[in-house]
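FYI, side chains are in, hydrogens and waters are out, and symmetry mates aren't considered; it's all heavy atoms of this structure.
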Amino acid sequence: MAIWKCKICGYLYQEKYGDPQTNVPPETPFTKLPETWLCPVCHAEKRAFELMQPIEQETSSLPTVSEVLIQNLVHFGITDYFGVPGTSSLGIIDAIRKNNNTRFFLFRHEENAAMAASAYNKLTGKIAACVTIAGPGATNLATGLYDAKEDRASVLSLNGQVEMQYAGPGGFQEIDQDGFFRPITVFNNTIYDKKMAARILTMAVQHAVVRKGVAQISVPNDIQKETVDPEYTDIRGTIPSLIIRPDKNTMDIVIKEIHSAKLPVILAGWGAFQYQELLVSFAARIDAPILSTFRAKGILPENHPLYAGILGTVGSAQAREMVEHTDLLITLGVGFSKMTRVPENLRIIQVDNDPIRLGKGKNSLPVFGDVGQVLSDLLSKIPQSSHSTAMERTSITKTPWETARRSEASDTSVPLRPPYIMEVLSQEIPAGAIISLDVGENGWWFGRNFRMNGQKFIMSGYLATMGFGFPGAIAGKIACPDKPVFCITGDGGFAMAMGDFVTAVKYHLPMVVIILNNHELGMIRVEQQIEQYPNYATTLHNPDFAMYAKSCGGEGILVKNPHELAPAIKWALSQDCPVIIDVMTDPNRF
């Protein structure tokens, strides 16, 4: 059985398989095709075909490089793939198709696929892989992968590459992908030798997990299709334990410092989020109120007697005063973002599993360790505090803030005011729901006025990129199909990602997308005001988002009056499809 190639478009007629598109049965020799037969791709005549090397008889069932890569990824628990297929990734895509343990989700834009992969890891701790083609597909991943880099989310980017690497300017869909991805990644390589495929993949996964970042592998499309001998297909490694335990001397000093403090305060960051029970036990043991960073909002319900609110630009003046008057600040997995504005002149015990982040301020005690491990060790050794003021201090801090937020939420003006919207959302979004938050005014109001009660939210933290909210919600529903999923976004942020609403419809991912539609880039308007620029170039011309949802196969509803919002959310939750609630709101903050 021979192979014939079209010299015009490159289509391969394989005699073994025939051509289903033109009803040619398998094992039909090319010479027996009628003279009127045309190339099924470009309609070239038979004379445009040339004989390739005859196919060798299959003497083994050796896997291809692509199959080895996907087999190894499944071993590491990487089973969900987000992306867009194309010429230079066809071998990889086919290997995903053939593996019964994998799922591929076709996105409409690679940036959304990368955002979703980043959100998937933030939400679950597991890795999802991006898959796309060389050149433009790879470059489109950049913003989503940069979000993962900045927020230290583990993501694998598995990209096709053209056969000739690297020809330079003029190569079709070819860029220097190693050079392009170098600033984004913790591991970055191209597989040139099929014997190295499994080894390179293992290194990539290990780097992504251990160094908490993006690992990128490019695979030329000719390499993808080559078969690999068994000695080069074995699983090449495992992931080590990442639990870090501080040394005894450091822990002894920590205990002494805590014991001497009269007004300790705990600041919990994203690194502490999975240790809620340990956090509460520790706070009660040392009699300390708990503040959180914005990203760790929801680590405790906001009505918890020891939770005093958020420290930072969306937090209260009272929370700032609490920190400024403490005699010991204990930070747990805090990144010290400028949006949190942690005072670094204080006496600080700083716990983090990244040594580069340790040592903030001149009076800090750096504790290199996993937050959960440190809290467990402290609880086994530290005595109960002799004072009992934390609940009172929390109440003094929280009560005026709650009063102010309730007062803001009572404004039922038209268009709807954001504080009112967040109050209704606080009442209607069920405990246990996943919330994916976008960047902009919607995020500011959520951080300030939404009251968490058992929900979990994800966001673009350090990169703070508009357009994260909706692909984050897609990732949330893929990862947690049994949980209610909400996207809270603005009209500016949603418009950047709205092309993939059809993806949510296609894969039957019911969710509620709440758009705070003020027809403006509201945050930019505020920033112009702060820096005393006149307002300019922030007005948006929007489509009818509710009609857009319906045209995609989902549902949508327009909310113009305050009394319509709560029923709209209840209705949206009852729909078995993605729903957009388009809420007309006001760009004026207060």
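Under the 4.5 Å side-chain criterion, counting only non-hydrogen atoms from C-beta, Thr489 is not in contact with Phe470. When side chains are defined from C-beta on, Ile133 does not count as touching Thr87, because their heavy atoms never get closer than 4.5 Å. Ser436 has its side chain out of reach of Val485: every pair of non-hydrogen atoms, C-beta onward, lies at least 4.5 Å apart. Contact annotation: the side chain of Tyr11 never approaches that of Cys42 to less than 4.5 Å [non-hydrogen atoms, C-beta and beyond]. Looking only at side-chain heavy atoms (C-beta outward), Tyr13 and Val24 come within less than 4.5 Å of each other. Between Val579 and Trp571 the shortest side-chain heavy-atom distance falls below 4.5 Å. In this structure the side chain of Ile478 reaches within 4.5 angstrom of the side chain of Leu509, judged on heavy atoms. Proximity of His508 to Asp576: side-chain heavy atoms (C-beta onward) are separated by under 4.5 Å at one or more points.
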- [ ] Might you work through the side-chain contact (heavy atoms from CB on, under 4.5 Å) test for Glu15 and Glu27, ending with a clear yes or no?
- [x] CA-CA 5 Å; Glu15 293 180 346; Glu27 300 186 2; over 6 Å; no
- [ ] Show the numbers, then the answer: is there a ring pair (Phe, Tyr, Trp, His ring centres under 6.0 Å) between Phe49 and Phe30?
- [x] CA-CA 10 Å; Phe49 281 72; Phe30 184 79; 5.3 Å; yes
- [ ] Take Arg295 and Asp151 through the test side-chain contact (heavy atoms from CB on, under 4.5 Å) and record every step on the way to the result.
- [x] CA-CA 10 Å; Arg295 196 176 172 201; Asp151 283 354; 3.7 Å; yes
- [ ] Would you please test Arg108 and Asp500 for salt bridge (charged side-chain N to carboxylate O under 4.0 Å, His left out) and show each step?
- [x] CA-CA 6 Å; Arg108 292 301 183 91; Asp500 269 298; 5.7 Å; no
- [ ] Decide yes or no on side-chain contact (heavy atoms from CB on, under 4.5 Å) for Asn159 and Thr132, but give the supporting numbers first.
- [x] CA-CA 5 Å; Asn159 305 315; Thr132 187; 3.4 Å; yes
Task: Test side-chain contact (heavy atoms from CB on, under 4.5 Å) applied to Leu73 and Leu201, step by step - done: CA-CA 8 Å; Leu73 286 174; Leu201 183 79; 3.6 Å; yes
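Look at Arg182 and Asp178 and you find no salt bridge, because none of the NZ, NE, NH1 or NH2 atoms lies under 4.0 Å from a carboxylate O. The pair Lys212-Asp354 does not meet the salt-bridge criterion, since no charged nitrogen lies less than 4.0 angstrom from a carboxylate oxygen.
Atom-to-atom distance recorded for Lys98:NZ and Ile70:CD1 is 11.0 Å, nearest 0.5 angstrom. Rounded to the nearest 0.5 angstrom, Asn442 CG and Met466 CE are separated by 8.5 Å. Considering OH of Tyr192 and CD of Gln161, their distance stands at 7.5 Å, rounded to 0.5 Å. We find the OG1-CG distance between Thr202 and Asn72 to be 5.5 Å, quoted to the nearest 0.5 Å. Rounding to the nearest 0.5 Å places CD of Gln206 at 9.5 Å from CZ of Phe187. In this structure, the separation between OG on Ser157 and CD on Gln177 is 8.5 Å, given to the nearest 0.5 Å.
Aromatic pair Phe450/Phe457: ring centres not closer than 6.0 Å. Ring centers of Trp270 and Tyr462: at least 6.0 Å apart, outside the cut-off. Separation of the Phe104 and Tyr81 ring centroids does not fall under the 6.0 Å cut-off. The aromatic ring centres of Phe494 and Phe545 sit less than 6.0 Å apart.
Under 3.5 Å, the side chains of Tyr275 and Asp370 contain a donor-acceptor pair of N or O atoms. With 3.5 Å as the limit, one finds no donor-acceptor pair spanning the side chains of Asn99 and Thr102. Between the side chains of Asp147 and Ser118, at least one donor-acceptor pair of N or O atoms lies under 3.5 Å.
Summarising the geometry of Val334 relative to Gly269, their closest heavy-atom pair is CG2-N, 3.6 Å, with the distance given to 0.1 Å. Of all heavy-atom pairs between Pro430 and Leu573, the closest is CD-CD1, 4.3 Å. Smallest separation of non-hydrogen atoms from Pro220 and Thr190: CD-CG2, 3.9 Å. When all heavy atoms are compared, the tightest approach of Pro183 to Tyr146 is CB-OH, 3.5 Å. Nearest heavy-atom pair, Ser154 versus Asn121, reported as atom, atom and distance to 0.1 Å: N-OD1, 2.8 Å. Closest approach of Ile299 to Gln276, counting heavy atoms only: O-CG, 2.8 Å.
When each of Leu145, Val155, Asn188, Ile184 is paired with Gln216, the side chain to side chain contact (heavy atoms under 4.5 Å, CB included) condition holds for Asn188 and for no other. The residue from Ile200, Val210, Ile78 that alone fulfils the side chain to side chain contact (heavy atoms under 4.5 Å, CB included) condition with Val205 is Ile78.
In terms of modelled atom types and a separation under 3.5 Å, the side chain of Thr233 and the main chain of Val68 share no donor-acceptor contact. Formation of a donor-acceptor pair under 3.5 Å by the Ser89 side chain with backbone atoms of Ile92 is not found in this model. Judged by distance alone, the side chain of Gln224 and the main-chain N or O of Val219 form a donor-acceptor pair under 3.5 Å. Gln455 places a side-chain N or O within 3.5 Å of a backbone atom of Asn453 that can act as its donor or acceptor partner. Checked by atom type and distance alone, the side chain of Lys126 never pairs as donor or acceptor with a backbone atom of Gly77 at under 3.5 Å. Remark: the backbone N or O of Val583 is not paired with any side-chain donor or acceptor of Asn517 at under 3.5 angstrom. Judged purely by atom type and a 3.5 angstrom limit, Lys194 uses its side chain to pair as donor or acceptor with the backbone of Thr227.
The local environment of CD in Glu277 is sparse, with at most 12 non-hydrogen atoms from other residues, nucleotides or ligands closer than 6.0 Å. No more than 12 heavy atoms of other residues, nucleotides or ligands shown are found within 6.0 angstrom of NZ on Lys483. More than 12 heavy-atom neighbours from other residues, nucleotides or ligands sit within 6.0 angstrom of NZ on Lys46. Environment of CG in Leu242: crowded, with over 12 heavy atoms of neighbouring residues, nucleotides or ligands closer than 6.0 Å. Within a 6.0 Å radius of CZ in Phe172, no more than 12 heavy atoms belonging to other residues, nucleotides or ligands are found.
Using cut-offs of 30° and 60° for the angle between ring planes, the Tyr548 and Phe501 rings count as tilted. Ring orientation note: the planes of Phe107 and Phe82 are tilted relative to one another, at an angle of 30° to 60°.
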